[in-house]
Amino acid sequence: MKSVGSRILKQALVLVPAALVLCMCARGDVLTQDLKLIRDTIQRARDNGALRCAPRELAMAESHAEFVNNELEQGDYVRAEAHVALASEQAKRALALADPTHCLTPKAPTIVRVDSDGDGLSDDVDACPKIPGAADNQGCPLKDSDGDTLFDRDDACPSEPGPISNKGCPLKDSDGDGVMDDVDRCPKEVGPMQNQGCPYPDSDGDGLIDPEDGCPKEAGPVSNKGCPVLDRDGDTVPDDVDACPDVPGDAGNRGCPKQSLVIVKDQQIIIKQQVNFQSGKAKILPNSFELLSQVAAVLRSNPAMRVQIQGHTDNRGKPAANEKLSQARADAVRSHLVTRESIEAARLTAQGLGQTKPITENRTNSGRAQNRRVEFHIQ
Amino acid sequence: MRFKLCVPLLNQCAGLMIIAGVLMHCGPVTSIHHILRADQAVTIAQRAGSDTYAPYESTHASEYLHKAREEQGYSDYEVAVRYAQRARDYADQALKLTRARQKVTGALPHPAAAKGSQP
């Protein structure tokens, strides 16, 4: 009985360790198989982009798979199992997170850029990251060199101030009339601002522009404000210089009719004025030329008329001398009519009668003045 | 007299040197030294943001460091040293990647981190 027991004990001492060894070996094989599966899963996860989408899970799976390997080498199956569990779990998670459609295509990183000056341009592309500026100027503030409120970028003349309407360029005044070209309707012609830089017309061409012309449609002198001067009496002498605007007259007499100084009456051409001579001499004074001209006109209108020109004196002086002087004066009048008025000499005779035929008394000055005379007698 | 005084001193110095030499090549001391260096490297990398910018490398470094400590606890110093070295390598790599990626993307979180991947 005792021998049987000891035999069983001996067998047990041999079989149990052997069973344990076999069991352990089997367990090691299982873990190795598990590790292989884990490595396959890790590889698939990697292939699906787990490195990108599940880096922590992948790293955990890989590191613990390595730990499994190490523990198996050391024969510590308990710790190996713990690592297998963790590696397997992480490998599966990595595989689950790794979606090849998203993880294999590298996404453009969503870049959140810092914009310190808040001008809409992030600092990495902002040339002036601390100063707000325009995007098209690399984030730097735009310059306005000429200070005309138009930035240099948009200013056609960045160094000269000018209005926006002229693209920042200074306005020109081509015709120099003080009206800038941008508002000058006639930039090439001088004209006042009131007429938008255009010259005023002179419709009637009288030298006065229409606004200053009292009669813009009718030519007229400046003195009459551009209006034509009337000639009411039609004597060709304009009213402004016509001393007698309502009576036709002679231009030489300022438009007034000449006074008739002669009358043909009683076989005599009676003169209303005296022919004036230089004192004591036979020289006719010019103020008597008109009188003699009228006498000549009578003679011209009566071609057949023959006239005797008589010279008379007052009673002062010697009779012979007076006769001689009166003759000389009569001759002077005849000569005047012949030479100046072109009267035929044959129609005229001259006779000096001296003091012999006074027409009034010689006692007074006025009487003597009346007696000193020339008379034209029709023959 | 002087010679007599010097002999004990020399003996003491020699003893100290022998002890130091032994300790230098002693497994626990070496592995602790490697683990401390690895721990320092991992800490630096994580402070730099490696969990965000290099999560793969950073996770590896942390796991290896953890395993090195574990092996140290099991008195498996050789393996502990090996894992500590691996942890340090990954930590250095994570730090480099972190700095490079920070330079490229500014102060951006790494796309992987934004995805919510957790160990």
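Just so it is clear: chains get the letters A, B, ... in the order the sequence lines come, proteins before strands, and each one is counted from 1.
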Checklist entry - When you look at B:E63 and A:R56, which way does the salt bridge (charged side-chain N to carboxylate O under 4.0 Å, His left out) test go after all the steps? => result CA-CA 10 Å; B:E63 292 302 313; A:R56 292 185 182 89; over 6 Å; no
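A:R46 CZ: more than 12 foreign heavy atoms inside a 6.0 Å radius. Heavy atoms from other residues, nucleotides or ligands lying under 6.0 Å from CZ of A:F151 number 12 at most.
Heavy atoms closer than 4.5 Å to chain B are found nowhere in A:E89, neither backbone nor side chain. For a residue to count as touching a neighbouring chain, one of its non-hydrogen atoms must lie under 4.5 Å from one of that chain's; by this rule A:Q74 touches chain B with the side chain only. Neither the backbone nor the side chain of B:Y90 comes within contact range of chain A, judged by heavy atoms closer than 4.5 Å.
Between atom CZ of residue B:R86 and atom CD of residue A:E66 there is a gap of 4.0 Å, rounded to the nearest 0.5 Å. Between atom CG of residue B:D76 and atom CG of residue A:D76 there is a gap of 10.0 Å, rounded to the nearest 0.5 Å.
Residues B:T59 and A:E57 are not in side-chain contact: their nearest non-hydrogen atoms beyond the backbone lie 4.5 Å or more apart.
Remark: A:R79 qualifies as a cation-pi partner of B:Y74 under the 6.0 Å distance and 45° angle criteria applied to the six-membered ring.
No hydrogens or angles considered: a donor-acceptor pair under 3.5 Å links the side chains of B:K67 and A:H83.
Across all their heavy atoms, B:Y56 and A:A59 have their closest contact at O-CB, 3.3 Å.
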